[in-house]
Each structure stands twice: as structure tokens, then as C-alpha cells.
Asker: 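What follows is a structure written as C-alpha cells; I'll ask about it next.
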Amino acid sequence: MRLTKAFQPTLKEVPAEAQIASHRLMLRAGLVRQTSSGIYAWLPAGLRVLRNIEQIVREEQDAIGAQEVLMPTLQSAELWRRSGRYDAYGPEMLRIQDRHGRDLLYGPTNEEMITDIFGSSVKSYKELPKALYHIQWKFRDEVRPRFGVMRGREFLMKDAYSFDASYEGAVASYRRMMLSYLRIFQRLGVRAVPMVADTGPIGGDLSHEFLVLAPTGESGVFFDAALEEQDWLSRPVDCDDAESLATFFSTVTDHYAATDEKHDEAEWAKVPDERKREGRGIEVGHIFYFGTKYTASMGIEVSGPDGAPFHPHMGSYGVGVSRLVGAIIEASHDDAGIIWPASVAPYRAAILNLRQGDEACDAICDRIYGTDPENMLYDDRSERAGVKFNDADLMGHPWQIIVGPRGAKEGKVELKQRATGERFELSVEDALAKIGAA
RNA sequence: CGGGCAGUAGCGCAGCCUGGUAGCGCACCAGUCUGGGGGACUGGGGGUCGUGGGUUCGAAUCCCGCCUGCCCGACCA
């Protein structure tokens with residue numbers, strides 16, 4: 001994308017309403033604009049980040065056999081009356097009426113809907129297990145929205161639901177999901193540590209929150225360093241084999257990890273000092289098993305091998321997609337701006353033409369840009385060098401390809417890596433090779 | 001939901017106390033110079049002062065209501 005053609009409004013000054021780093025940077029870098037309290041419009045660069053995150057989530061959910069669906073944002077109150085949650089949910093649920101006076105709601109989550117859809121179609125244990133997910137906007141009417149997209153009222157969430165014939169099957173589904181989540185967060189370039197969470201009335205140990213480590217996180221976290229040193233992507237796990245899943249699962253649960261709410265000093269003391277990690281975290285994912293809560297309350301049954309009907313066991317699994325944009329920035333920025341992990345960056349590189357109109361500079365920039373116009377942001381404005389440097393740092397592209405008149409005469413460009421600040425003087429070919437472009 | 005603060009140009013703010021023709025910086029437009037970390041000069045454009053009412057000869061300014069946004073706390077993916 002050429003910057004002169006792009007809708008890419010950056011701000012020099014910080015809007016007064018933004019307090020925390022990610023919110024300020026998202027506004028300044030032109031990723032989002034607030035339209036109401038807790039509600040945001042996504043501008044082109046922000047949308048690209050959102051889509052990149054979605055895509056990684058999709059690939060890793062598909063990899064464990066989950067299938068994507070898309071359910072509506074508006075739901076019928078009838079559905080929620082069947083589960084008993086229409087009255088139980090409280091004022092966080094946004095309730096509306098259509099022209100006929102029928103009660104609707106903007107979905108805060110989709111257990112009821114997916115259970116209904118599943119139950120009306122699946123009638124036999126032979127069709128289990130099944131896992132379905134969708135990536136859709138949710139609305140929860142928070143009392144006090146804040147921190148930009150990290151605690152908005154409208155937010156984009158990936159939510160998945162598993163259906164199994166037995167508790168054992170549900171446990172396997174849960175473990176597959178945990179693996180998928182660990183891989184998702186690793187690919188997103190953030191460290192997210194799974195921590196045991198409250199399971200509510202269901203009991204057991206089958207609920208985990210995933211927290212991205214960032215100094216501004218809302219929860220204190222204590223965990224064993226082993227949990228952030230694992231490479232989940234290269235770890236071989238057979239998702240169809242309960243043994244393999246159990247082995248994987250124990251590598252997570254054998255190590256201490258807890259938020260301040262669940263922190264246990266006695267257990268913490270058993271962790272060797274050199275492996276103790278303390279900090280703060282932002283919750284970006286939550287998985288839990290809740291048995292037959294919805295299948296029972298909504299009367300969903302399938303036939304078992306003996307012909308007798310039973311309520312399938314369910315689990316639900318959420319990733320805060322829009323919240324992650326903020327969380328990633330909280331975890332990865334400096335005074336100058338955002339430092340995007342390559343996997344989610346809106347563009348892989350920015351091309352900074354320091355002398356727009358100079359024949360040599362223009363020619364080199366055009367050549368570089370032509371290799372991958374979709375994934376490069378070409379700053380072809382007639383701005384001064386300083387403006388381009390600052391905007392590129394602010395927007396946080398992993399690489400900056402700096403083309404100035406001095407180097408251009410010799411066919412050289414300067415490559416700057418945003419994360420490290422390292423600079424390399426290279427030929428065009430070498431620079432392209434280094435950033436992995438064609 | 002308790003407590004606090006704020007709405008004046010796209011953004012950041014002053015003006016309000018003490019009523020009298022709405023200002024500053026940045027951004028924007030035109031031009032000249034400049035050209036490797038938000039440059040300089042000259043000349044421009046842009047505002048229902050959140051909103052409704054009241055007081056007054058006269059309200060951004062004083063009074064009352066409402067709306068919106070933000071912060072702290074409680075709550076929360």
C-alpha cells in the first residue's frame with residue numbers, strides 16, 4: 001500500500017481520553033477510533049492486525065479438528081429463557097426489541113445457540129465428538145469500559161464449543177483445546193501462560209485462563225519459568241490419542257502457575273527460586289469444561305450405544321481477538337511506538353523514501369515495493385525524513401527499508417529492524433532476502 | 001453502582017473566577033527556502049463554545065436540568 005493512497009491517520013498528540021500505552025498507541029497509529037464508550041471502529045491498519053490474529057486462530061483451531069461456523073450477533077430471548085439465563089444474566093446483557101415487540105439480545109456468548117443448533121441436528125453418539133467455533137462480535141454492557149479495546153463493551157471473540165459422549169471424551173477435547181491455545185499465542189508472538197481458574201459449581205480442575213505477560217496487566221501472576229520456555233509448535237502431540245494428550249497436559253499442569261486470586265504460598269515455595277517468575281498478566285483466553293449444564297437445561301439428548309438417550313458433555317473455549325490487539329501492544333512497545341510481532345503486523349515492512357522525487361530513490365523504492373505491494377507500506381509522501389522515521393516507529397512495522405539519496409547512488413538501502421534497532425546497509429536484493437520477501 | 005473530573009477548530013489546550021465582537025500551539029491549504037529523526041518564513045481556511053432552559057441591554061463566562069466522555073473503587077472475557 002502506498003501511504004499517499006492509504007487511509008492511515010497518525011496523531012502526533014495523544015487524545016485526552018487514552019490513559020494506557022496500548023490505547024494511546026492504537027489511537028496515535030491510526031488503528032482504531034472510538035465511537036462510543038467501549039465501542040471502536042477499526043481503521044485499515046487495525047483491521048489488518050485483527051484479521052491476522054483471526055487467521056492464526058483459525059488455522060490452529062482447524063488443526064485440532066474444530067470446524068468454523070458463524071452465528072448471528074442477535075439472538076432470541078426465547079433461547080435464553082430455555083437455559084434459564086435470560087433472567088440470570090443481569091444488566092450486562094444488552095436487550096432489545098424488534099418492531100413486533102419480540103425480545104432480542106445482542107449475544108454476550110453463544111452456549112445456548114450452539115447447543116440448540118447442535119441438538120437439533122445430532123442424534124447419535126456416533127457423531128461425537130464435535131467441536132465448533134466462530135469468530136464473532138459480542139456485546140457485554142460493562143459498567144465501566146476502559147483501557148481501549150482491552151475492556152470494551154463490543155469485542156471480537158473466538159468462541160468454541162465441544163460436544164462429547166463422556167467425561168473422558170470431554171477431557172480429551174479440553175486438552176486438545178489447550179494445546180491449540182498454546183500454539184495460537186506462541187504464533188502471535190506473545191507469552192501466554194495457562195493458569196488454573198475457578199470452575200464455579202462444576203468443580204474439578206478443568207478451567208484455565210491464559211494470561212499475556214505485560215506490566216500493565218490487571219492480575220498478578222506467579223508461575224514456573226518452565227511454562228514460558230516450552231516450544232509448543234514443535235512438540236509432537238497426537239490429538240486423536242488420549243495418552244499423547246495426557247502426556248502433553250501434564251507438562252502444563254505439573255508446573256505451578258496462578259493468578260494472585262488463586263495464589264498458594266505453600267505450593268509456590270516448592271518452586272526452585274531460579275525458576276520463579278512473578279509479574280502481571282492480561283487475560284486473553286479462557287477454557288473450561290462444564291459437563292451437561294446446557295444440554296441438560298435445554299433438553300438436548302443423543303442416543304448412546306445401548307439406545308438410551310444421554311446429555312452430551314460440553315466445554316467452551318474463548319479467545320479475546322480484539323483484546324489481543326491491545327494486549328500484544330502492552331507486551332510489545334517502547335517510547336517511540338508499537339513493536340509488532342511479525343505474525344500480526346499490519347505490514348511486514350515500511351519503505352521510507354527519504355527524498356521523494358529523486359530519480360534514484362524513487363526507482364529503488366518502486367522496485368522494492370513492486371516485489372510485494374500487498375504487504376509493504378510505501379511511505380511515498382513528500383514529508384521530511386524525520387516525519388517518516390517517527391511514523392514508521394509509531395506504527396511498528398517489523399522492518400523499515402530506508403532509501404536515501406546517499407545510498408541510492410550506489411544501489412544500497414538501509415534496513416532497520418524495529419524490535420532491536422539494528423541497522424544494516426545492504427543491496428536491494430540482500431535487504432529483500434533478509435526480510436524474507438520474494 | 002459509589003466517589004471525582006471534563007466537554008471551546010481535526011488533536012492538545014487557554015479564555016470562565018471579575019459577563020461586553022472567540023484565542024494559542026500542532027495539524028490543514030497556497031507559496032518560497034529546506035531535505036537522514038516531527039524544519040523555517042510569508043499568506044490563508046476552519047468554531048451551533050455538548051445540549052435545553054433561565055438571569056441580563058448583552059452569556060463560552062452566572063444559575064438549573066439533561067446528554068456525552070474520562071479517572072479511582074466495586075465488578076468483569
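Note on naming: letters A, B, ... go to the chains in the order of the sequence lines (proteins, then strands), and numbering restarts at 1 for each one.
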Asker: Give the rounded distance in Å between these two atoms: CD of A:Glu218 and P of B:rC72.
Answerer: 13 Å
Asker: Nearest whole angstrom, please: distance from the P of B:rA74 to the CD of A:Glu142.
Answerer: 15 Å
Asker: Any carboxylate oxygen within less than 4.0 angstrom of a Lys/Arg side-chain nitrogen, looking at A:Arg406 and A:Glu414?
Answerer: no
Asker: On a plain distance test, is the side chain of A:Arg151 in donor-acceptor contact with the base of B:rC75 below 3.5 Å?
Answerer: yes
Asker: Without decimals, in angstroms, what is the distance between A:Met395 CE and B:rG37 P?
Answerer: 21 Å
Asker: Of the nucleotides B:rG37, B:rC28, B:rG35, which one has an atom closest to the side chain of A:Glu383?
Answerer: B:rC28
Asker: Could you check how far CE of A:Met150 sits from P of B:rC75, rounded to whole Å?
Answerer: 19 Å
Asker: Ring-plane angle category for A:Trp399 and A:Phe424, please: parallel below 30°, perpendicular beyond 60°, tilted otherwise.
Answerer: tilted
Asker: Would you call A:Asp358 and A:Lys409 a salt bridge, taking side-chain N to carboxylate O under 4.0 Å as the test?
Answerer: no
Asker: What is the distance from CZ of A:Arg384 to C1' of B:rC26, rounded to the nearest Å?
Answerer: 16 Å
Asker: Kindly determine whether A:Ile338 and A:Ser332 satisfy side chain to side chain contact (heavy atoms under 4.5 Å, CB included), including the steps that lead there.
Answerer: CA-CA 7 Å; A:Ile338 301 167; A:Ser332 182; over 6 Å; no
Asker: Does A:Arg146 contact B:rG73 through a side-chain donor or acceptor facing the base, at a distance under 3.5 Å?
Answerer: no
Asker: Starting at OH of A:Tyr181 and ending at C1' of B:rA77, how long is that distance when rounded to a whole Å?
Answerer: 11 Å
Asker: Is it the case that the base of B:rG69 and the side chain of A:Gln34 share a donor-acceptor contact (distance under 3.5 Å, atom types as modelled)?
Answerer: no
Asker: Is any N or O donor-acceptor pair between the side chain of A:Glu414 and the base of B:rG36 shorter than 3.5 Å?
Answerer: yes
Asker: Reckon A:Lys12 has a side-chain N or O less than 4.0 Å from the OP1 or OP2 of B:rG38?
Answerer: no
Asker: In this structure, how many angstroms lie between the P atom of B:rC72 and the CD atom of A:Gln19, rounded?
Answerer: 7 Å
Asker: Rounded to whole Å, how long is the line connecting atom CZ of A:Phe147 with atom P of B:rA77?
Answerer: 15 Å
Asker: Could you tell me whether the phosphate oxygens of B:rC70, OP1 or OP2, come under 4.0 Å of any side-chain nitrogen or oxygen in A:Ser37?
Answerer: yes
Asker: Is A:Arg144 close enough to B:rC72 that one of its side-chain N or O atoms is under 4.0 Å from OP1 or OP2 there?
Answerer: yes
